[in-house]
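Read the numbers this way: they start at 1 and go in the same order the structure lists the ligands and their atoms.
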Amino acid sequence: MHSLAALLLALPIAALAGQSHGAGAHRRHHTRTPHVARQSGTTYTLEDDYSGPSFFDNWTFFTDSDPTSGQVTYLGKEDAMNAGLAFVQSDNTTKIGVDSTTQLADGAKRNSVRIQTNKQYNGGLFIADFYAMPHGCSVWPAYWSVGPDWPNQGEIDIIEGVNLQGDNQITLHTGPSCLMNEAASMVGSLVGKTCTSANGMNAGCAVVQNGNNSFGHNFNTMGGGVFAHLWTQDAIKVWFFPRSQIPGDIYAMAPNPDGWGNPTANFPTQDSCAIGSHFSNHQLVIDTTLCGDWAGGAFQADGCGQSCSAFVADPANFKYAQWAISSIRVYQPAGSQ
Ligand SMILES: *[C@@H]1O[C@H](CO)[C@@H](O)[C@H](O)[C@H]1NC(C)=O
Ligand SMILES: *[C@@H]1O[C@H](CO)[C@@H](O)[C@H](O)[C@H]1NC(C)=O
Ligand SMILES: *[C@@H]1O[C@H](CO)[C@@H](O)[C@H](O)[C@H]1NC(C)=O
């Protein structure tokens, strides 16, 4: 775990390439010729663009204790920025991370960041381009959205996983009466049908991705990729594109989900779940917690050692516990705004 070889293996290519890890990716981003294969259907127009120097202008830093029992202290905006845990690089990459310099006493909480959009959404096409996500033992990152009245206004988890996992999990949580009984066409594997959630019964309906590249170290070594999700009254669908497979229409900012093929995760409305009635007023959230209900609970089984809590003390364990974000863009069907 701590040998130099292991450490080098753990290095994302991005990190090896120096601070502007996204350089190559950025170039592709800007020069790739858009190939817009528009089929029938809806045209989407850009509503909100979270990227570049103004990234943090429209997010609130959450400073309550972690609701998932993680061993973190979430910093306010000024503290996070002063500590270098939230900033926008000169190449416009947004970085959000966990403190990786402070030695802590066993069991102490480590500084981290959790942010949520000021704006609330009631549907749309959300396209999130990440160069890297936090990973490593004890680390539990998530990119998700949630309404104020949980679980009745729903929760959509787009990126979530813990410890050394290589496959992302996409999950919905809802109030009563939402079961995914009907099979839907998708690339991922449905591992739980019960979206209905409550405190103490919180697995949700979940899809696990395949391919060992949608979460953690392997995601980062390929320069990340795009998670796009389309939330309508009819369905919640999520697509995953490794960096080399991002469709041209996404680069061109003229996204056309009709041309993207089978979604990775597909939660269609059905008799046992009216998708349209379970999700409202969602804020997007990005956070990184440590240990807690999931990462702590799975720590030993995931081969991370005996004590998650003790693992948190060493700052060197959090060198790769960082988000590197290109952009999060929200689109709405043309004419709907
Ligand atoms: C972001 O903040 C700016 C400046 O306060 C405001 O004009 C804009 O409407 C906000 N956008 C969103 C999506 O909240
Ligand atoms: C960063 O974004 C700003 C605003 O969108 C833009 O003016 C600037 O050229 C960008 N810088 C780089 C290095 O891409
Ligand atoms: C996933 O990738 C990691 C790193 O390359 C590798 O160690 C692991 O064996 C892979 N797991 C599977 C199930 O392919």
(message) Taking the ring centre of each residue, are Trp59 and Tyr50 less than 6.0 Å apart?
(response) yes
(request) For atom 4 (C) of ligand 1, decide whether some protein heavy-atom distance is shorter than 4.0 Å. (result) no
(request) Examine Asp91 against ligand 2 and note whether any of their N/O atoms are separated by less than 3.5 Å. (result) no
(message) Using a 4.0 Å cut-off to any heavy atom of Tyr50, which atoms of ligand 1 qualify?
(response) 13 (C)
(request) Taking all heavy atoms of Leu46 and all of Arg329, pick out the closest pair and write down the distance. (result) CD1-CB, 3.8 Å
(message) Checking Asn122 against Asn281: is there a side-chain donor and acceptor pair closer than 3.5 Å?
(response) yes
(message) Can you tell me if Ser90 contacts ligand 2 (heavy atom of the residue under 4.0 Å from the ligand)?
(response) yes
(request) Would you please indicate if the ring centroids of Phe126 and Tyr121 are separated by under 6.0 Å? (result) yes
(message) At less than 4.0 angstrom from any non-hydrogen atom of Lys119, what atoms of ligand 1 do you find?
(response) 13 (C)
(message) Once you restrict to heavy atoms under 4.0 Å, what part of Asp48 touches ligand 1? Side chain, backbone, both or neither.
(response) side chain
(request) Walk me through it: do Phe219 and Phe130 pass the test ring-ring contact (aromatic ring centres under 6.0 Å, His included)? (result) CA-CA 9 Å; Phe219 177 84; Phe130 297 96; 7.1 Å; no
(request) Ignoring hydrogens, tell whether any protein atom lies closer than 4.0 Å to atom 9 (O) of ligand 1; use the non-hydrogen atoms only. (result) no
(request) Considering heavy atoms of the protein only, find what lies nearest to atom 6 (C) of ligand 1 and give residue, atom and distance to 0.1 Å. (result) Asn58 ND2, 4.1 Å
(message) Please give me the minimum heavy-atom distance between Trp239 and Gly261, naming the atom from each residue.
(response) NE1-O, 2.9 Å
(message) Please state which option from Thr221, Asn218, Asn213, Asn212 has its nearest heavy atom closest to atom 11 (N) of ligand 3.
(response) Asn212
(request) Assert yes or no for the condition that the ring centre distance of Phe299 to Phe311 is strictly below 6.0 Å. (result) yes
